[in-house]
**Q** 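Can you read through this structure? Questions will come right after.
Keep in mind the model is a prediction, meaning the values are calculated, not measured.
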Amino acid sequence: MDMAVDPVVPNGRSDGVDPPDSAPAAITPQPPNRMNSQLAESLKLEHQLLRVPLEHLKKTMRSNHRTVEKEVTFVLSNVVAEAASSQQDISKEAAVDHLSSLVSRLQGLKRKLEEGSKQEGLQVQRCRARLDHLDVASVGDWGDTRLKRILVDYLLRLSYYDSAIKLAQISGIQDLVDIDVFIDAKKVIDALQNKEVGPALAWCAENKSRLKKSKSKFEFQLRLQEFIELVRADNNLRAITYARKYLAPWGATHMKELQRVMATLAFKSNTECLTYKVLFEPKQWDHLVELFRQEFCKLYGMILEPLLHIFLQAGLSALKTPFCYEEDCTKDDPLSQESFRKLALPLPFSKQHHSKLVCYITKELMDTENPPLVLPNGYVYSTKALEDMAKKNDGKITCPRTGYVCNFTDLVKAYIS
């Protein structure tokens, strides 16, 4: 038995009625092209572009919230409570003084809230600017802007703050880089390099909950170093008092480190025992600086390596071959430079699916247009190089590696399959 089936229109209806004009037309998804695929892979490295301002915003909001709680608690527990308890015997002048104090306190709170709101607004603006920046990826000069962002990040990580600020200002990318975050970190780094732990301890107190959640040892290491400095100054009584107050709470989790450090009271700073001598070395401060950088990056969701290194390593991984580390490596090869070799050290060698013949003399590629020629001694050089040599030496060819001499007519052409 035949059955009549109504044709189905694109929107899934079978009644033949046209959909309203406002209904969106069905779009057949197009497979992503190669460029979009490469862009998607590249954008995977951009997570810190959004993470850093978001973490900074959350930190500012938490700070503002604590300020409000502190001020409101003070007003309610002191000014208002005091006025309420003495309202029966209070004079008119005293009441006015209490109210004036309350108004002054609330006005101060209002100013702090306005400043906090302004900071939050700037950080929200920064988040929005970065979303807009990613939204137009691969359009216009987006790649050039990203390169400048990467350079600013590199300069900030190497403590070239003035250069980073100047580049950001010239390029107009202040909202796309994290200069203010790194400037805050600079204060702690400078203090540690000057052998001062105060700013670092204040930073730990400001981020205490986050550091505790990540099981950070940074504050403990700072306390140990402060104890060591007291021992170095032969101020043992203060060192013992300091240990009871600040180091004892860490005993449950870091007893071995505590026992080792406490032994310095007996060994002193001029000891030759390597176990304790290393605790008094200046490099301990460098270790604290590096430890702070790690905790700082972790707190803001940054990667530890500069983005510039990651992008360079991506390119170097395609260029790295054993020939790059030979003495006669061509100067055109980036890996002939020591700085790039150091950067490529942990990378594997590039996998070459097709061998490439490079002339020893000219360092040029040997192919069908510049085919290789084989000398009687078995060494191979490019046609261009040997023709030039023959013209200059009356048809004679001298092997640059062995000194073997032959006529140009003795050469045999090799074929590349």
Side-chain angles (χ1 to χ4, degrees), residues 38-64 115-193 199-200 203 206-207 289-290 292-315 339-340 343:
Q38 291 176 346
L39 180 62
E41 290 296 321
S42 178
L43 289 178
K44 289 181 180 179
L45 294 173
E46 300 290 354
H47 70 278
Q48 78 172 29
L49 181 68
L50 297 177
R51 179 76 181 275
V52 174
L54 181 60
E55 291 295 336
H56 200 193
L57 174 61
K58 289 162 62 176
K59 179 181 176 181
T60 302
M61 293 176 66
R62 286 193 296 268
S63 177
N64 292 339
E115 293 174 1
S117 177
K118 183 178 179 180
Q119 291 178 356
E120 292 177 12
L122 291 174
Q123 289 161 14
V124 169
Q125 176 185 339
R126 184 169 299 171
C127 292
R128 187 178 294 112
R130 298 188 183 198
L131 286 172
D132 294 340
H133 172 67
L134 292 178
D135 192 44
V136 295
S138 77
V139 176
D141 58 352
W142 184 84
D144 183 56
T145 302
R146 181 174 67 166
L147 175 60
K148 291 174 181 176
R149 284 197 295 104
I150 293 172
L151 291 175
V152 171
D153 173 80
Y154 181 74
L155 292 171
L156 289 171
R157 288 174 183 265
L158 268 65
S159 301
Y160 296 119
Y161 300 102
D162 293 338
S163 299
I165 293 171
K166 190 69 174 178
L167 177 58
Q169 290 174 345
I170 293 174
S171 307
I173 57 174
Q174 292 93 327
D175 284 339
L176 303 180
V177 292
D178 306 300
I179 293 176
D180 54 341
V181 175
F182 278 94
I183 291 296
D184 290 341
K186 177 181 181 297
K187 299 173 184 176
V188 177
I189 293 174
D190 288 346
L192 290 175
Q193 290 174 341
W203 184 84
E206 186 179 353
N207 301 280
V289 171
E290 183 59 31
F292 168 73
R293 285 195 172 115
Q294 293 176 10
E295 295 296 339
F296 169 76
C297 290
K298 190 185 301 183
L299 192 70
Y300 283 101
M302 297 180 184
I303 53 178
L304 295 178
E305 285 289 320
L307 277 174
L308 182 62
H309 283 182
I310 294 176
F311 280 101
L312 286 175
Q313 286 178 328
S339 56
F340 284 125
L343 197 59

**Q** Once rounded to the nearest 0.5 Å, what's the spacing between atom CH2 of W203 and atom CG of D184?
**A**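 Separation between the atoms: 11.0 Å.
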**Q** Which residues pass the side chain to side chain contact (heavy atoms under 4.5 Å, CB included) test with I170, sequence neighbours left out?
**A**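 Counting only residues at least two positions away or on another chain, I170 forms a side chain to side chain contact (heavy atoms under 4.5 Å, CB included) with K166.
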**Q** Going by the rule side chain to side chain donor-acceptor pair (under 3.5 Å), which residues pair with T60 if we only count those two or more places apart in sequence or in a different chain?
**A**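 Q123.
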**Q** What residues form a side chain to side chain contact (heavy atoms under 4.5 Å, CB included) with L151, not counting sequence neighbours?
**A**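 In terms of side chain to side chain contact (heavy atoms under 4.5 Å, CB included), with neighbours along the sequence ignored, L151 is linked to L147, L167, L308.
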**Q** Taking all heavy atoms of A129 and all of L176, pick out the closest pair and write down the distance.
**A**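 A129 and L176 have their closest heavy atoms at O-CD2, 3.9 Å.
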**Q** Mind checking salt bridge (charged side-chain N to carboxylate O under 4.0 Å, His left out) for K298 and listing every partner two or more places apart, or none if nothing turns up?
**A**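 K298: no salt bridge (charged side-chain N to carboxylate O under 4.0 Å, His left out) contacts found.
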**Q** Using salt bridge (charged side-chain N to carboxylate O under 4.0 Å, His left out) as the criterion, list what pairs up with D180, not counting sequence neighbours.
**A**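 For D180 the salt bridge (charged side-chain N to carboxylate O under 4.0 Å, His left out) partners, ignoring immediate neighbours, are R126.
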**Q** Listing request: all salt bridge (Lys or Arg N to Asp or Glu O under 4.0 Å) pairs with a residue in residues 147-156, at least two apart in sequence or in separate chains.
**A**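 Only E46-R149, D144-K148, D153-R157 qualify under salt bridge (Lys or Arg N to Asp or Glu O under 4.0 Å).
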**Q** Working to the nearest 0.5 angstrom, can you tell me the gap between L122 CG and C127 SG?
**A**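 The SG atom of C127 is 11.5 Å from CG of L122, to the nearest 0.5 Å.
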**Q** In chain order, what residues pass the side chain to side chain donor-acceptor pair (under 3.5 Å) check against D132, with sequence neighbours excluded?
**A**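 Checked D132 against side chain to side chain donor-acceptor pair (under 3.5 Å); zero matches.
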**Q** Can you name the nearest heavy-atom pair linking S159 to R293, along with the distance?
**A**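 Where S159 meets R293 most closely, the heavy atoms are OG-NH2, 3.7 Å.
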**Q** Just by distance, do the side chain of E305 and the backbone of I310 share a donor-acceptor pair under 3.5 Å?
**A**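 No; judged by distance alone, with no hydrogens or angles, the pair does not exist.
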**Q** In Å, rounded to the nearest 0.5 Å, how long is the span from CG of L134 to CG of L50?
**A**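 So the gap between those two atoms works out to 5.0 Å.
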**Q** What distance separates I150 CD1 from F311 CZ, expressed to the nearest 0.5 Å?
**A**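 So the gap between those two atoms works out to 4.0 Å.
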**Q** Under the salt bridge (charged side-chain N to carboxylate O under 4.0 Å, His left out) rule, collect the residues that match up with E115, sequence neighbours excluded.
**A**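 For E115 there are no salt bridge (charged side-chain N to carboxylate O under 4.0 Å, His left out) partners, ignoring immediate neighbours.
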**Q** Can you pull out every ring-ring contact (aromatic ring centres under 6.0 Å, His included) where at least one residue sits in residues 149-189? Sequence neighbours excluded, please.
**A**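 ring-ring contact (aromatic ring centres under 6.0 Å, His included) check on residues 149-189 returns Y154-H309, F182-F296.
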**Q** Who pairs with N207 by side chain to side chain donor-acceptor pair (under 3.5 Å), at least two apart in sequence or on another chain?
**A**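 In terms of side chain to side chain donor-acceptor pair (under 3.5 Å), with neighbours along the sequence ignored, N207 is linked to no residue.
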**Q** Between R130 and V177, what is the shortest heavy-atom contact and its length?
**A**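 Looks like NH2-O, 2.9 Å.
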**Q** With H133, which residues qualify under ring pair (Phe, Tyr, Trp, His ring centres under 6.0 Å), at least two apart?
**A**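 With sequence neighbours excluded, H133 shows a ring pair (Phe, Tyr, Trp, His ring centres under 6.0 Å) to W142, given in chain and number order.
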**Q** At their closest point, which heavy atom of D178 faces which heavy atom of P53, and how far apart are they?
**A**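 Looks like OD1-CD, 4.2 Å.
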**Q** Set out, in order, the CA-CA distance, both residues' side-chain angles and the distance that settles side chain to side chain contact (heavy atoms under 4.5 Å, CB included) for I179 and Q174, then state yes or no.
**A** CA-CA 8 Å; I179 293 176; Q174 292 93 327; 5.6 Å; no
**Q** Check C297 against L304 and note the closest heavy-atom contact, atom names and distance.
**A**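 The answer is CB-CD2, 3.8 Å.
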**Q** List for me each residue that meets salt bridge (charged side-chain N to carboxylate O under 4.0 Å, His left out) alongside E55, sequence neighbours excluded, and say none if there are none.
**A**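 Partners of E55 under the salt bridge (charged side-chain N to carboxylate O under 4.0 Å, His left out) test: R51, K58, R210.
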**Q** Does K59 reach the side chain of Y300, with side-chain heavy atoms less than 4.5 Å apart?
**A**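 They are in side-chain contact.
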**Q** Work out which heavy atom in N64 is nearest to a heavy atom in S117; give both atom names and the distance.
**A**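 Here N64 and S117 meet closest at ND2-N, 4.5 Å.
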